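First up is the structure itself, then whatever we jot down about it.
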Amino acid sequence: MKKQLILLLITGMSLILTTSCFKEYLDKAPESGLTEDVVFTKYANFKLFFDANYNGRKYYNNGWRDTWNYKSTTPFYIDEWDQKYALNSTTDAADQGRYMEGHAWKSGNMSETIIAKLCYDGNRRPILGACFDGIRMCNIAIRNVDRIQDADDNIKNDFSGQAYFLRAWYHFTMFRYWGPMPYLDYVMTPFDKSWDLARMEKNDYLIRIVQDIDSAYYFFNLAGMVRRDPMPGVSGSLDYSTYEMHRPNGMAAKAFKSKVLLYAASPLNQKNGATDWQNAASAAWDAIQVAELNGVVILPLVAGAGSDDRHVNFYGKDVCAESIWTRTHGLQNWNFSATYWAGVLMAGSGASGTMPTQNWVDKYETLNGMPLNTPDDRAAAVTASQYKEQNPFANRDPRLAADVVCNQGPLQGWTSNKAQLWYEGTTPSELLVTSWNGRSYTGYLLRKNWANNSTKNRVSSIFSDPLFRLSELYLNYAEAVNEAYGPAGTAPGSSMTAIAAINIIRAKSGMPNVRAEFIGSKDAFRPRIKNERNIELSFEGQHYYDDIRRWMDLPQVMSSKLYAMLPQKLAASSATYPTGFRYERTELTADRQPVWEEGMYYLPFLNADALKMKNFVSNPVW
């Protein structure tokens with residue numbers, strides 16, 4: 001192979017990229033004897049080339065960076081970097097304590113500086129560069145996999161499955177941030193004249209991704225890799241390292257297809273009306289069946305002694321019984337990702353944090369299922385004696401306590417092992433110390449995927465990113481079936497209604513069935529499906545960031561007022577203030593409010609890239 005074949009990842013983007021693994025083998029002097037035949041005919045060499053998808057490095061800014069691989073496309077890795085761009089904090093879901101570039105993003109001021117860090121900056125998260133680099137590696141692998149001479153068909157089929165899956169994964173990642181692209185299913189060379197390619201139509205682009213996912217499942221199935229580790233109850237089950245479970249599998253392909261078709265059916269991308277929803281419903285049902293046939297189960301919010309519950313999807317284990325595909329960060333010190341969880345809990349003024357807003361806390365229903373999203377909802381709940389504004393965390397969906405640190409909620413190592421999130425006059429409590437830039441401005445801290453480590457509870461934990469878990473598939477199914485067939489409808493071949501799918505998720509969390517007044521029509525049920533998705537998947541996977549875009553709810557969300565709940569500590573409790581605190585909703589300051597700008601559905605490209613294109617229409621700058 002000529003050296004120039006590795007010079008370009010994709011012409012038309014501003015950076016020339018190579019993979020260190022590819023370079024290691026193919027950018028040698030001719031006398032080294034490393035030829036294309038040596039690389040692609042030997043299993044060990046092919047594997048080392050392909051595995052740059054998972055661990056590839058590049059030389060950037062005077063050093064080797066390990067960001068040029070698929071981990072720069074995984075949600076938690078993006079969010080935990082230094083809290084500049086925790087994506088859900090660029091919405092109404094949360095505030096970032098430390099004022100950083102994410103606030104500019106939220107206020108509609110997307111600068112070239114921010115975009116550059118998301119495109120090609122190896123010191124940060126070069127999402128665009130990593131995707132194009134990975135696509136090229138996958139295309140080369142697909143073209144050459146049958147040349148391996150010292151591997152059996154199962155190994156070749158497994159590589160093919162991974163290559164098709166990751167090619168789809170990279171294309172979908174770019175779609176989520178920048179919209180549809182040209183679909184690159186061949187190896188570009190420096191001599192290609194057709195480098196200025198037009199973008200595909202959104203729905204067509206997503207269907208092209210699905211075609212690659214179908215190919216991936218076909219090869220995974222041939223290779224016996226629908227599940228990589230042994231089934232539950234068999235020795236080696238859930239052994240993440242031994243069975244290389246960082247690699248995708250057939251279950252993940254089915255789950256991925258469900259996700260992509262749900263996006264294709266959504267208002268932002270829909271092309272074929274009800275047919276798109278029907279296809280999404282069938283794909284979700286198929287994915288559920290494949291996962292459950294392979295031993296995947298939904299974990300309860302709270303489990304009995306000796307059993308696992310929902311939290312092991314996020315910390316405590318590399319992989320768990322609900323996992324379909326997970327990327328583990330492994331065992332980390334107590335202050336791992338200090339700037340993601342809650343800076344004030346971790347250390348110093350350099351921290352930031354993800355602090356849920358009152359708007360988000362209001363999504364958690366009362367324990368009997370009454371919504372609290374709007375003032376009218378809360379008034380009805382008060383009238384029904386199900387909610388008290390001066391005792392706001394009592395009688396609530398149990399996931400609130402699991403996902404959010406509220407005032408006086410459990411917090412190991414702190415005063416009385418409780419979270420102190422209050423003011424006494426103008427004096428802040430220990431978790432609101434004003435000298436810490438990472439303090440909470442909302443009165444809440446993020447708990448869900450944080451292992452309760454802090455400056456006062458210094459224990460190491462395993463942290464994981466659930467790229468697909470079974471609960472998501474039930475939510476996908478409920479949404480698609482409701483739109484295609486109504487609340488009481490089912491996907492072909494299934495006996496599970498949209499209502500039943502939502503109630504399964506609620507039951508495992510200790511919540512009752514959806515109330516009767518919300519299940520009479522698809523229009524009545526839709527807001528509760530969205531709300532259930534918000535709560536069950538809160539602050540994981542960047543689901544909310546994506547969902548409000550595909551639903552086309554973004555203009556409303558980014559035009560909303562964000563609220564805090566910073567209680568005042570009183571001298572004593574009373575009938576009016578039974579907790580000893582006075583709770584009052586207050587607006588966040590103007591600089592922490594979201595702003596809607598036309599074009600915010602997608603990120604802009606760098607001007608230098610956009611100016612090179614004629615057929616490729618760039619995104620609006622905002």
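Since we're looking at a predicted model, the values are computed, not measured. Computation of the quantities below employed the complete heavy-atom set of this structure, encompassing side-chain atoms and omitting hydrogens, waters and symmetry-equivalent molecules.
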Run the side chain to side chain donor-acceptor pair (under 3.5 Å) check on S538 and D403 step by step: do they pass?
CA-CA 8 Å; S538 65; D403 296 350; 3.2 Å; yes
Should D153 and N157 be marked as a side chain to side chain donor-acceptor pair (under 3.5 Å) after you check the CA-CA gap, both sets of side-chain angles, and the distance that decides it?
CA-CA 6 Å; D153 286 343; N157 288 331; 5.8 Å; no
What do the steps show when you test Y170 against N53 for side chain to side chain donor-acceptor pair (under 3.5 Å), and what is the final call?
CA-CA 10 Å; Y170 294 129; N53 278 289; 2.7 Å; yes
Passes salt bridge (charged side-chain N to carboxylate O under 4.0 Å, His left out), R247 versus D158? Steps please.
CA-CA 10 Å; R247 302 177 189 274; D158 188 14; 5.8 Å; no
Check the pair M137, R167 against side-chain contact (heavy atoms from CB on, under 4.5 Å), reporting the backbone distance first and the verdict last.
CA-CA 9 Å; M137 284 189 289; R167 187 168 76 181; over 6 Å; no
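Between F256 and W169, the gap from one ring centroid to the other is short of 6.0 Å. The six-membered or imidazole ring of F175 lies away from that of H171, with a centre-to-centre distance of 6.0 Å or more.
Applying the side-chain hydrogen bond (donor to acceptor under 3.5 Å, both in side chains) rule to R458 yields no partners; only residues at least two apart in sequence or on another chain are considered. Scored by the side-chain hydrogen bond (donor to acceptor under 3.5 Å, both in side chains) test, N391 finds no partners at all (sequence neighbours excluded). Checked against salt bridge (charged side-chain N to carboxylate O under 4.0 Å, His left out), E292 has no partners two or more places apart in sequence or in another chain. Residues passing the side-chain hydrogen bond (donor to acceptor under 3.5 Å, both in side chains) test with D318, sequence neighbours excluded: T328. Under the salt bridge (charged side-chain N to carboxylate O under 4.0 Å, His left out) criterion, D92 pairs with no residue at all, not counting sequence neighbours. Not counting sequence neighbours, the partners of H246 by the ring-ring contact (aromatic ring centres under 6.0 Å, His included) test are Y54. The side-chain hydrogen bond (donor to acceptor under 3.5 Å, both in side chains) search around S471 returns E322, R469, not counting sequence neighbours. Applying the salt bridge (charged side-chain N to carboxylate O under 4.0 Å, His left out) test to D239 and every residue at least two apart in sequence or in another chain returns nothing. Residues satisfying the salt bridge (charged side-chain N to carboxylate O under 4.0 Å, His left out) test with D229, not counting sequence neighbours, are R227.
L446 places none of its side-chain heavy atoms less than 4.5 Å from the side chain of V404. When side chains are defined from C-beta on, N249 counts as touching R228, because their heavy atoms get closer than 4.5 Å. Using a 4.5 Å cut-off on side-chain heavy atoms (C-beta onward), F219 and F165 make no contact.
For the pair R396 and Y364, the cation-pi test (distance below 6.0 Å, angle within 45°) is failed. Cation-pi geometry between K47 and F159 is not satisfied (NZ or CZ under 6.0 Å from the ring centre, within 45° of the ring normal). A cation-pi contact, defined as under 6.0 Å to the ring centre and within 45° of the axis, is absent between R327 and F76.
At a cut-off of 3.5 Å, with distance as the only test, a side-chain donor of D79 or Q542 sits close to an acceptor on the other residue.
Summarising the geometry, atom NZ belonging to K156 is positioned 11.0 Å from atom CG belonging to N154; distances are rounded to the nearest 0.5 Å.
Note on residues 487-542: pairs passing ring pair (Phe, Tyr, Trp, His ring centres under 6.0 Å), not counting sequence neighbours, are W360-F539. A salt bridge (Lys or Arg N to Asp or Glu O under 4.0 Å) check over residues 488-501, counting only residues at least two apart or in different chains, returns nothing. For residues 281-300, the pairs satisfying ring pair (Phe, Tyr, Trp, His ring centres under 6.0 Å) are W285-Y477, with sequence neighbours left out.
Salt bridge annotation for D66-K71: present, with a cationic side-chain nitrogen under 4.0 angstrom from a carboxylate oxygen.
The aromatic rings of Y205 and Y183 sit perpendicular, their planes meeting at an angle over 60°, well past the 30° parallel limit.
Here the options are K259, R528, R550, the test is salt bridge (Lys or Arg N to Asp or Glu O under 4.0 Å), and the partner is E479; only R550 passes.
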